[in-house]
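We count ligands from 1, going down the list as the structure has it; atoms in each ligand are counted the same way.
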Amino acid sequence: MDTSQEMPGLSEETLDPLDWADVRTLSHRIIDDAVGYLRDVRERPVWQEMPAAVRASFTAPLPRSPSPLADVYGEVAATVMPYPMGNTHPRFWSWYMGSSNFTGALGDFLAAIQGSNLGGGNHAAALVDGQVVDWCKEMLGFPASASGTLVSGGSMANIIGLTVARNTKAGIDLREHGVGAMEKPLRFYGSDQLHSCHRKAMEALGLGNRALRRIPTDAGLRIDIEALRAAISEDRAAGFMPACVIGTAGTVNTGAIDDLQALAKLAHEEDLWFHVDGCIGALIAIAPRNAHRVAGIEWADSVALDPHKWLHAPFEVGCALVRDAAAHRKTFAVTPEYLESTPRGLASGEWLHDYGLQTTRGFRALKVWMALKQHGVEKFGRLIDQNIAQGQYLARLIEDAPLLELVAPPAINIVCFRFRPGGMAPGGMTGEALKRLNTEIMLRLQEQGIAALSDTTVHGEHCLRVAINNHRTRREDLDLLVRETQRLGREMGAIGGASF
Ligand SMILES: *Cc1c(COP(=O)(O)O)cnc(C)c1O
């Protein structure tokens, strides 16, 4: 009997394919292409400009009628995959990003297939999420009693830590009454090398940018502890409430690591919350040759770290750790009636959304969990040591190159340098001319697909910046960078009539 005529419910629609066999065939092709894509990444340019037609394809209107999945994938393969940001390439050293890994990509795929919501509950993904947080504690030497949460990245992880700091130090029930009810305005402290996400955090927390004092740094661009101490007593005298000091383990400009032990001691003496922005450097704690550089991080009240940087997890995943789990929960936990736990069953697990701002949370733990299981933590530690050694290697190459100069000695894996034909151009070039020349070198390195660097200003000097956070980089890539930078600089000098 054909009931579909009488019961239209039986022909309801779904997003599932009519024919799973077709999807399987196409998916196998996609996986084959993906393996080839990463295997051959070294052969492709690190970056290339998109042709106008590709660019225009992204302005097409909302699709109203269906297209076969194979066609949709064909479009992705033609218009998206050839034009990446480039951070999976061995010669991508811009800003500060991890270089991803295939296992992590499989983790993201399987997480999406399983579809679990990490807002909490009693299911395996929630245990994996908790285990990855526990592993982060273990990597940093945090006590097992600490709490933590996986978030989108370091910026959010810092916001989590700073929010707990604010609420704990406010002196009132801040959640109930808000910042306007505080008796004294809070003050936070960090160095003048602090990442810009802290400014956004202060703004979002309702404290305002001026509540974050930037303390001068020493010659190594580390926070000046005496200047910090002076600022704190000045603020106390002026009626402010010093609340939190933010130490940076690896600044974004040069990789400088604040003296975390001294900061921990000072925070203890001054009764401040001690937060560490360890987005770059917290994970150095697992690197056998360099772990000593972040000694003291285990004393922090909260730490932000970034598995999508030095664990090379595909974006996005950051992690906030908080020593006092009760303070952490107290800052975020809200249990509306529709999210009450039950004694048994699916809702009997812990609500993970009680540790942050999101309700629905993705299964971002799986990509980290799988890669750590596959390689073991020691491999990741060695890769961090390797990048730091590569930073030293590049610094030596630059020192030996007649047309290049180091602008700051690398603290870890970030190298700041510039093309400077001083010796051969009598009188030298002005700062502005040098900046133009170096910016042009940087752009040509990108446009010719050779290498992606970024630039910054250190000690008032404009420079090119190489951040080697990349498990694919080899020393020969750094040799090539030094050769090509000098070639481009010479070519431009010749065009400009100079001879170097
Ligand atoms: C990258 C970085 C951040 C921000 O982390 P995201 O993962 O990009 O949000 C914060 N602080 C420092 C020192 C960083 O290097």
Pairs satisfying ring pair (Phe, Tyr, Trp, His ring centres under 6.0 Å), at least one member in residues 440-474, at least two apart: His312-His471

Salt bridge (Lys or Arg N to Asp or Glu O under 4.0 Å) pairs, two or more places apart, involving residues 94-121: Asp108-Lys367

Summary of salt bridge (Lys or Arg N to Asp or Glu O under 4.0 Å) pairs that have at least one residue in residues 153-169, sequence neighbours excluded: Lys169-Asp271

Phe332, CZ atom: more than 12 neighbouring heavy atoms under 6.0 Å: yes

Single hit among Leu305, Val303, Ile284 for side chain to side chain contact (heavy atoms under 4.5 Å, CB included) with Ile297: Val303

Aromatic plane relationship, His198 with His195 - under 30° parallel, 30 to 60° tilted, over 60° perpendicular: perpendicular

Output, or 'none' if empty, a list of ligand 1-protein atom pairs in which both atoms are N or O and the distance is under 3.5 Å, rounded to 0.1 Å.
residue, atom, partner, partner atom, Å
ligand 1, 5 (O), Gly154, N, 3.4
ligand 1, 5 (O), Ser155, N, 3.4
ligand 1, 5 (O), Asp306, OD2, 3.3
ligand 1, 7 (O), Gly154, N, 2.7
ligand 1, 7 (O), Asp306, OD1, 3.4
ligand 1, 7 (O), Asp306, OD2, 2.6
ligand 1, 7 (O), His308, NE2, 2.7
ligand 1, 9 (O), Gly154, N, 3.3
ligand 1, 9 (O), Ser155, N, 2.8
ligand 1, 9 (O), Ser155, OG, 2.7
ligand 1, 11 (N), Asp277, OD1, 3.3
ligand 1, 11 (N), Asp277, OD2, 2.7
ligand 1, 15 (O), Lys309, NZ, 2.8

